[in-house]
Protein chains: 2
Amino acid sequence: MSLLQLSESTEMYLKAMVELGLSNVVSIGRLAERLNVTPVSANEMVRRLGDQGLLTHTPYKGVSLTDKGREAACDVVRRQRLWEVFLYEHLHIEWAKLYELACSLEHATAPEVTEALAAFLDDPKFCPRGNPIPAADGTFQPLDGHPLSTASVGETMEVLAINATTTDVLKYLQERGILPGQTIRVLEAAPLQGPLTLKVGEKEVALGLSLAEFVIVKTE
Amino acid sequence: MSLLQLSESTEMYLKAMVELGLSNVVSIGRLAERLNVTPVSANEMVRRLGDQGLLTHTPYKGVSLTDKGREAACDVVRRQRLWEVFLYEHLHIEWAKLYELACSLEHATAPEVTEALAAFLDDPKFCPRGNPIPAADGTFQPLDGHPLSTASVGETMEVLAINATTTDVLKYLQERGILPGQTIRVLEAAPLQGPLTLKVGEKEVALGLSLAEFVIVKTE
DNA sequence: TGGAATAATAAGGTCAGCCATAACATTTTG
DNA sequence: CAAAATGTTATGGCTGACCTTATTATTCCA
């Protein structure tokens, strides 16, 4: 079990690493973008986290989690997603706000509260955005899916999860019916990184590629 | 409704002001002691909070909340105590740890979560330590009681609330059966600020005066 | 292969909320 | 009423996590 005292900022970096792909090498730029800091700041912070043994940074290549970092990160993500479940299922908080509200709570949650919460919620396996919840022992089964942005025209898919975090993006997707469980089909992909045209339920929806990255789908 | 963004530290100062007596003039020293900072730091911070219009400081006399400060403080205390109820009633967290664990959560709680939580808990009026929970509209009915430290020999009283916050103090009192609802009698008060000897249930308990300050009682 | 994009590094700045030390003011108390 | 306790103010310092600006290094791609 992890015994480290992670700062709030550290937790955000770790969480971002998981959200950008648990085992991926992530560029400083992408990390900075996700965390809304400048690349220079991300670089500094990555050095600090490297010093703490949480991740490794290969200059000009990118960043990846160490085993220690992965463990800590899973713990953080577990807390985050458990709170999402609680806020949604029991407090009936608006779907699009779950991430942001759960995020603040996550940073403030002691291990015993995490586990008591998990028990209270009956050990849920997925958060309301469709993402898997790491287990108490640190095991974590990433989704068997891929971003909608990599889908090809004609494909019919099921939305597994929404990987976005900001309320506005979540609201945007929700308003268009792009939610976990939904079936969608790619009707058209505009050239030059243009938007996708999707069939979502009965409706046709245009979706920019960068938004499509947040939508994790599984081809049926 | 309060619209200010209060820092965590600010919230702790406001909370301490309520806990030391909503309408009392509190000395910098007492505040510093409760918050575990040096008097110099408390002084600085009090100046900052004064600048924000949350409290007034009369040099050499003490500090008291302004109306604005009282409103903000009640809000903070409401969140704190609602979380205590949740942690106790639903997550079955150890009584003595409630304050500390709820404290972290409190700082991370958005207004909509507070109100959804209150509804979920069915608008409780008291926290597990016996303290009243301020209402959503800011009204707050302090307890009609006084600290055990001011009781006189022979008095029989009911414990209304425990005003302590640290886990060790709460645990100490719990171990001696000094809990809300309990009836106690002062058998003896040692001179020179010495300890009280109490009858708690069947047992005799010695309790230092400074601990007795945390025990709010009502003479029967 | 050379220019664009991306990344790294350096230097210096900000801000909140603490700390210590020290000098000085006021209040309480014995 | 004097000494002790308490409170105030000033100065300077620290830390974490950001920021900007500027220079330099590397990688990617056309």
Side-chain angles (χ1 to χ4, degrees), chain A residues 4-17 20 24-64 69 72 76 103-104 106-108 191-193 209-210 213, chain B residues 4-17 20 24-64 69 72 76 103-104 106-108 191-193 209-210 213:
Chain A
L4 338 146
Q5 257 293 66
L6 306 176
S7 76
E8 191 158 324
S9 187
T10 297
E11 293 187 340
M12 289 307 288
Y13 276 80
L14 293 178
K15 210 193 287 180
M17 287 299 295
L20 291 172
N24 292 350
V25 175
V26 175
S27 76
I28 295 271
R30 249 163 88 76
L31 210 45
E33 193 188 5
R34 181 109 180 167
L35 294 165
N36 248 298
V37 298
T38 63
V40 178
S41 299
N43 222 300
E44 277 177 19
M45 192 65 186
V46 160
R47 185 181 44 67
R48 278 193 282 267
L49 300 191
D51 292 348
Q52 289 176 63
L54 294 168
L55 41 79
T56 52
H57 177 210
T58 313
Y60 298 105
K61 296 303 176 190
V63 181
S64 53
V76 173
C103 183
S104 336
E106 171 266 298
H107 298 304
L192 297 171
Q193 321 282 16
L209 261 202
S210 48
E213 272 188 48
Chain B
L4 338 146
Q5 257 295 63
L6 305 176
S7 76
E8 192 158 323
S9 187
T10 298
E11 292 187 340
M12 289 307 287
Y13 277 79
L14 293 178
K15 211 194 286 180
M17 286 299 295
L20 292 172
N24 292 350
V25 175
V26 175
S27 77
I28 294 271
R30 250 162 87 76
L31 209 45
E33 193 189 5
R34 180 108 178 170
L35 293 164
N36 249 298
V37 297
T38 63
V40 176
S41 299
N43 221 301
E44 278 176 18
M45 192 63 186
V46 161
R47 186 182 44 67
R48 279 193 281 267
L49 300 190
D51 292 348
Q52 290 177 62
L54 294 168
L55 41 79
T56 51
H57 177 210
T58 314
Y60 298 105
K61 295 304 176 189
V63 180
S64 54
V76 173
C103 184
S104 336
E106 172 265 299
H107 299 304
L192 298 170
Q193 321 283 15
L209 261 201
S210 49
E213 272 187 48

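What's counted below: heavy atoms across the whole structure, side chains too, no hydrogens, waters or symmetry copies. Residue numbers begin at 1 in each chain, while the letters A, B, ... track the order of the sequences.
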Discussion item. As a test of reading the structure: which of C:dA8, C:dG17, C:dC18 is closest to the side chain of B:Glu44, going by heavy atoms?
Written reply: C:dC18
Tell me: [atom1] of [X] to [atom2] of [N], nearest whole Å?
X	N	atom1	atom2	answer
A:Ile28	D:dT26	CD1	P	16 Å
B:Leu35	C:dA16	CG	P	19 Å
A:Arg47	C:dA10	CZ	P	9 Å
B:Glu33	D:dT6	CD	C1'	13 Å
A:Met45	D:dT15	CE	P	16 Å
B:Arg30	D:dG7	CZ	C1'	16 Å
B:Asn43	C:dA25	CG	P	16 Å
A:Asn36	D:dC19	CG	C1'	14 Å

Practice prompt. Specify the closest pair of heavy atoms between A:Leu54 and A:Ala72, including all atoms of both residues, with the distance to one decimal.
Written response: CD2-CB, 4.4 Å
Find out whether [X] and [Y] are in side-chain contact, i.e. whether some heavy atom of one side chain is under 4.5 Å from a heavy atom of the other.
X	Y	result
A:Leu6	A:Tyr13	no
A:His57	A:Asn43	yes
B:Met45	B:Leu49	yes

Are any of [X]'s side-chain N or O atoms less than 4.0 Å away from OP1 or OP2 of [N]?
X	N	result
B:Tyr13	C:dC18	yes
A:Ser41	D:dA17	no
A:Ser7	D:dA17	yes
B:Lys61	C:dT26	no
A:His57	C:dA8	yes
A:Thr38	D:dC19	yes

Worksheet item: Should we count CD of A:Glu33 as having more than 12 external heavy atoms under 6.0 Å?
Response: no
Practice prompt. Could you check whether A:Pro39 gets within reach of a base, just the sugar-phosphate, or nothing at all, counting any heavy atom under 4.0 Å?
Written response: nothing
Worksheet item: NA contact type, B:Ser9, heavy-atom cut-off 4.0 Å: base, sugar-phosphate, or nothing?
Response: sugar-phosphate
Fill in: 5' priority, DNA chain D, between A:Pro59 and A:Val40 [closest heavy atom]
A:Val40
